[in-house]
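As structure tokens, the structure follows; a few thoughts come after it.
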Amino acid sequence: MEAVTVLLIGSGGREHAMALALCRDPRVVLHTAPGNPGTAQLGTNHAVGASDLDGLLALAEALSADLVVVGPEAPLCEGLADALSPRPCFGPVKAHAMLEGSKAFAKLTMEAAGVPTASHRMVRRTSDIEDALDAFSGAPWVIKRDVLAGGKGVLVTDDRDKAEAFAMSAIATDGEVLIEAFLEGEEASMLVLMDASGYRCLPASQDHKRVGEHDEGPNTGGMGAYCPAPVVTKAVQKKIESRIVKPMHAHLTSTEVPYRGVLFVGLMIDGHGDPYVVEFNVRFGDPECQVTMPLLGDDAYTWFEAVSRDELASVDLHLVDASLLTVVLASEGYPSSAVTGRPIDGLSLSSPPTTTLGSAWVNLAGVRTEDNGRLTSSGGRVLSVTGMAESLQEAADLAYARLSSLSLLGGHHRRDIGARAGVTHPEME
Ligand code: AMP
Ligand code: GLY
């Protein structure tokens, strides 16, 4: 068995989940930049930021990394995969990362590939806002800034004044704004591994974007998720593949450098089971990653490495049959402003968690280790607790039980993760 050096980029709960999955392969020697206390348990953290392209290139070189796995979108949009070439990289080149970096580019790509999505207008003059709002009246307005905003650059509102004010300020700061038709239905996230040789859809999951229970309050980066999402039935899955994934794969691999990485397809499934694309991301979702990655079993490295070499279609791959649910613990004030630097009680990092059926574990995100060894909060989303079991209800029970043993002053979490999938919550009754 030959050791392989993997450099993982990022520092969130998503990257902790990726690190846990990668390290299940005994060949993997893990390095993370910059990582968090969770990834430090599994390998070596390096103090190089995820947006420090030169630093990351030098690190990959110094480590002679066999594979670079990129968690967040920012370095991909900056061209990290291009700059690393020919070093194998899991994560697409800049020309494809634009799918997430620019919503206007994503809309044009979908038009070219014939993929269903909401109709839209790109507005650049404030004098055109009224007209665009008229064109989409009769349903809530959906206004999107065309910048990387971590899921927070979107306003969905019934209030025309608020819609107008948001559009005005977006044009003032960004020079343009996208106004699109409201899509009715239920959301789901489909993570698709993709390279020139083929694609592989992972089971669909569902995020909980609003901060509050019953999907109330402002949008966040994601407050919890579960997998599989029952809204994606076999019939819906077929439509997603034939109408969206196949044409996108054909489009993204007809270019000089094919797409190599994961395509995150954010979907709205309407009442007829017809899927529409809400957004593309060029990375795993957070927290969708936490509930999907454990399904790769011991094979995450094999999958990622195959993708980086255009060999996905030729490897024999199996998925674990299980249900997962994760609950995010967020800092006081998140998402508008997060109070950080508070101690987290009940969390011990004595040994890395096992991510197997019948267990629950903590994925660290905005957590730091102080000089005295104490773990404190350092971000908006502090951690998420993930349960894995034969059913979503059991996974939820495991996750919430583990969460109740943790405490963070002012911290908050949703008590209704999975409710749309029929999970019941004694705390809500
Ligand atoms: P996005 O950043 O494009 O994913 O948008 C953030 C969230 O806004 C999505 O997860 C949806 O909940 C909501 N959203 C975005 N676009 C639409 C749309 N066209 N119709 C309804 N809801 C939308
Ligand atoms: N959970 C949604 C995202 O990662 O964009």
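Side chains included, hydrogens not; waters and symmetry mates left out as well; all remaining heavy atoms used. One-based numbering along the sequence shown. Counting convention: from 1, in listed order, for ligands and their atoms alike.
- Distances below 4.0 Å separate heavy atoms of Glu180 from the following atoms of ligand 1: 16 (N), 17 (C), 18 (C), 19 (N).
- Side-chain contact annotation: Ser405 with Arg402, donor-acceptor N/O pair under 3.5 Å present.
- Only the side chain of Met268 comes within contact range of ligand 1, with a heavy atom under 4.0 Å; no backbone atom does.
- Listed by number with element, the atoms of ligand 2 under 4.0 angstrom from any heavy atom of Gly221 are 1 (N), 2 (C).
- Using a 4.0 Å heavy-atom cutoff, Arg14 is absent from the residues neighbouring ligand 2.
- Atom CD1 of Ile269 is separated from atom CD1 of Ile240 by 4.5 Å, given to the nearest 0.5 angstrom.
- Across the listed options Leu267, Asp207, Val156, Val156 owns the non-hydrogen atom lying nearest to atom 23 (C) of ligand 1.
- Counting atoms of ligand 1 from 1 in the listed order, those under 4.0 Å from a heavy atom of Lys209 are 10 (O).
- With a 4.0 Å heavy-atom cut-off, ligand 1 is reached by the backbone of Leu183 and by its side chain too.
- Listed by atom number, the atoms of ligand 2 under 4.0 Å from Glu288 heavy atoms are 1 (N), 2 (C).
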Problem set entry | Residues His208, Tyr226; criterion ring-ring contact (aromatic ring centres under 6.0 Å, His included); working and verdict | CA-CA 9 Å; His208 296 61; Tyr226 61 87; 5.8 Å; yes
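- If you check the side chains of Ser197 and Asp195, you find a donor sitting under 3.5 Å from an acceptor.
- Residues Leu99 and Asn281 have side chains not in contact (no heavy-atom distance under 4.5 Å, counting atoms from C-beta outward).
- Take Asp298 and apply the side chain to side chain donor-acceptor pair (under 3.5 Å) test, not counting sequence neighbours, and it matches Arg24.
- Those atoms of ligand 2 with a heavy atom of Arg283 less than 4.0 angstrom away are 3 (C), 4 (O), 5 (O).
- Listed by number with element, the atoms of ligand 2 under 4.0 Å from a non-hydrogen atom of Asn281 are 5 (O).
- Annotation for ligand 2: atoms under 4.0 Å from non-hydrogen atoms of Asp207 are 1 (N), 2 (C).
- Side chains of Thr340 and Ser331: a donor-acceptor N/O pair is absent below 3.5 angstrom, by distance only.
- At least one heavy atom of Ala181 sits less than 4.0 Å from an atom of ligand 1.
- Remark: Thr255 engages His96 in a side chain to side chain donor-acceptor pair (under 3.5 Å) (not counting sequence neighbours).
- Close approach of ligand 1 to Lys144 is summarised as follows: ligand atoms under 4.0 Å from at least one heavy atom of the residue are 3 (O), 15 (C), 16 (N).
- The distance from ligand 2 to the heavy atoms of Gly285 drops below 4.0 Å at these ligand atoms: 4 (O).
- Within ligand 1, the atoms closer than 4.0 Å to a non-hydrogen atom of Phe182 are 20 (N), 21 (C), numbered from 1 in the order shown.
- A salt bridge links Arg342 to Glu332: at least one charged side-chain nitrogen sits closer than 4.0 Å to a carboxylate oxygen.
- Residues Asn45 and Thr39 have side chains that bring a donor and an acceptor to within less than 3.5 angstrom of each other.
- Nearest to atom 12 (O) of ligand 1 by heavy atom, out of Glu279, His120, Glu187, Arg210, is Glu187.
- Side-chain contact annotation: Thr424 with Gln393, donor-acceptor N/O pair under 3.5 Å present.
- Interface of Lys103 with ligand 1, defined as ligand atoms under 4.0 Å from a residue heavy atom, comprises 1 (P), 2 (O), 3 (O).
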